[in-house]
2 protein chains.
Amino acid sequence: MINPIGNLNKIFDSRIRLGVMSILMVNEEVSFNDLKQMLELTDGNLASHLSTLEENGFLKVHKGFVGRKTNTTYSITKAGEKAFKGHLAALENMIRSMD
Amino acid sequence: MINPIGNLNKIFDSRIRLGVMSILMVNEEVSFNDLKQMLELTDGNLASHLSTLEENGFLKVHKGFVGRKTNTTYSITKAGEKAFKGHLAALENMIRSMD
DNA sequence: ATATGTAACTTTGATTCACAAAGTACTTTA
DNA sequence: TAAAGTACTTTGTGAATCAAAGTTACATAT
C-alpha cells in the first residue's frame with residue numbers, strides 16, 4: 001500500500017472511540033460512568049460510540065453490580081486489541097515512513 | 001486536562017487532513033496532483049480538505065507553472081507545523097499516559 | 001479554427017455522523 | 001413515597017463526507 005492513510009481503521013477516526021480504546025488498552029475493565037467522566041460525555045453519546053465498538057467486536061460488555069447498584073463495565077477484546085494496535089502502527093507508519 | 005482526548009485537534013480527526021499534513025511535514029512543497037495520487041482522492045474531495053486546512057492557516061498555496069502548465073503546490077505553515085506536532089503529542093500522550 | 005486535454009477547482013445532492021436533550025425502565029436511598 | 005442513580009434508546013438537528021458533474025482557464029494536437 002502506497003497510500004499512507006489506507007491502513008488507518010475508519011472506526012478510529014472518531015476521537016471518542018479512540019479515547020475509549022486507549023483507556024481500555026491499559027485498564028482491564030472500566031465502567032460506563034468512569035468512561036463518561038474521563039471523556040466528559042453525555043450518556044447518549046458515550047452509549048452510541050460504545051455500541052459501535054461492540055458491534056465491531058472490539059469490546060465486550062459485562063453487566064454486574066457494585067453492592068446493589070447495577071454496574072456495566074467494558075473491556076477490550078482480542079480483536080479490538082489487534083485492530084487498535086494495527087491502527088497505531090498505521091499512524092506511526094504514516095508519520096515516519098514518508099521521507 | 002484529565003480528559004485524554006481533550007487535546008486532540010478536531011481538524012485532524014479527518015484521516016485525509018491527517019494524511020495531507022503528514023505528507024507536508026516531510027516534503028517542503030507538494031502539488032495538487034501529487035497529493036491526489038498519493039491519497040487516492042477525487043479532485044473535489046481533496047480540494048475541500050485543502051481549503052479547510054488553508055482556512056485554518058495550516059498550509060499555504062503557491063500558484064505557479066511547470067513549463068507552461070499551471071501547477072499549484074501546497075506547503076505547511078509554521079502554525080500548521082505547530083498544530084500538527086501538538087496533535088501528535090496529544091495522541092502519544094493519550095496512548096501512553098493512561099496507566 | 002476546432003477539438004481534445006489537463007489543472008484546479010466549485011457546486012450539487014445524497015448519505016452518514018455526531019451530539020444534545022429528552023424519554024425509558026429499573027432500582028435504590030432518603 | 002419521592003428523589004436520584006444507572007444505562008440506556010429515541011428523536012431531531014446540524015455538520016461532515018464524498019462522488020459526480022460542472023466550470024474556468026490555458027495548452028496542445030489535428
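Bear in mind that the values here come from a model prediction, so they are computed numbers and not experimental data. Numbered from 1 within each chain, the chains take letters A, B, ... in sequence-line order.
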Length of the line joining His62(A):NE2 and dC8(D):P, which is rounded to integer Å
12 Å
Out of dT6(C), dA7(D), dG5(D), which nucleotide sits closest to the side chain of Thr70(A)?
dA7(D)
Roughly how many Å is it from CG in Leu50(A) to C1' in dC8(D), rounded to a whole number?
11 Å
Could you tell me the separation between the CG atom of Leu41(A) and the NE2 atom of His49(A), rounded to the nearest 0.5 Å?
7.0 Å
Euclidean distance, atom CD1 of residue Ile11(B) to atom C1' of dT17(D) [Å, nearest integer]:
14 Å
Looking only at atom types and distance, does a side-chain atom of Ser31(A) sit under 3.5 Å from a main-chain N or O of Asn71(A), one as donor and one as acceptor?
no
Counting only side-chain N and O atoms of Thr42(A), is one of them less than 4.0 Å from OP1 or OP2 of dA20(C)?
yes
How far apart are the C-alpha atoms of Leu53(A) and Leu24(A), what are their side-chain angles, what is the distance that settles it, and do they pass the side-chain contact (heavy atoms from CB on, under 4.5 Å) test?
CA-CA 12 Å; Leu53(A) 289 170; Leu24(A) 293 182; over 6 Å; no
First of Arg68(A) and Arg17(A) reached from the 5' end of DNA chain C, by closest nucleotide
Arg17(A)
Run the side-chain contact (heavy atoms from CB on, under 4.5 Å) check on Leu91(B) and His87(B) step by step: do they pass?
CA-CA 6 Å; Leu91(B) 268 179; His87(B) 183 75; 4.1 Å; yes
Reckon Phe65(B) touches a base, only the sugar-phosphate, or nothing at all at heavy-atom distances under 4.0 Å?
nothing
Please report, rounded to the nearest Å, how far the P atom of dT6(D) is from the CG atom of Leu35(A).
14 Å
Counting just side-chain N and O atoms, does Asn33(A) come under 4.0 Å of either OP1 or OP2 of dG5(D)?
no
Nearest listed nucleotide, side chain of Ala47(A), among dT9(D), dA7(C), dG5(D)
dT9(D)
Asn56(B) (side chain) donor-acceptor with Phe58(B) (main chain) under 3.5 angstrom:
no
Asp13(A) vs Asn71(B), nearer the 5' end of DNA chain C by closest nucleotide:
Asn71(B)
Ignoring backbone atoms, test whether Ser48(A) places a side-chain nitrogen or oxygen under 4.0 Å from the OP1 or OP2 oxygen of dA18(C).
no
5'-most contact on DNA chain D (nearest-nucleotide basis), Thr73(A) vs Lys10(A), goes to Thr73(A)
So what does Ser14(A) hit on the nucleic acid, given a heavy-atom distance under 4.0 Å: a base, only sugar-phosphate, or nothing?
sugar-phosphate
Does any N or O in the side chain of Asn93(B) come within less than 3.5 Å of the main-chain N or O of Ala89(B), such that one atom is a donor and the other an acceptor?
no
Euclidean distance, atom CG of residue Asp34(B) to atom C1' of dT6(C) [Å, nearest integer]
14 Å
Atom CD of Glu55(A) and atom C1' of dT9(D): how far apart are they, to the nearest Å?
13 Å
Phosphate oxygens OP1/OP2 of dA8(C): is one of them under 4.0 Å from a side-chain N or O of Tyr74(B)?
no
Tell me whether the side-chain N/O atoms of Asn45(B) come closer than 4.0 Å to OP1 or OP2 in dA19(D).
yes
Assign Arg15(A) to base, sugar-phosphate, or nothing according to its heavy-atom contacts below 4.0 angstrom with the strands shown.
nothing
Contact class for Ile16(A) (heavy atom, under 4.0 Å): base, sugar-phosphate, or nothing?
sugar-phosphate
Hey, is the side chain of Thr72(A) poking within less than 4.0 Å of OP1 or OP2 on dT6(D), counting only N and O atoms?
no
Below 4.0 Å: OP1/OP2 of dC8(D) and any side-chain N or O of Lys63(A)
yes
Between CG of Leu41(B) and P of dT10(C) the distance, given in whole Å, is 16 Å
Measure from the side-chain heavy atoms of Asp43(B) and tell me the nearest of dA7(D), dT28(C), dA8(C).
dA8(C)
Does His49(A) put a side-chain nitrogen or oxygen below 4.0 Å from OP1 or OP2 of dC19(C)?
yes
In whole Å, I'd like the distance from the CG atom of Leu46(A) to the P atom of dA21(C).
16 Å
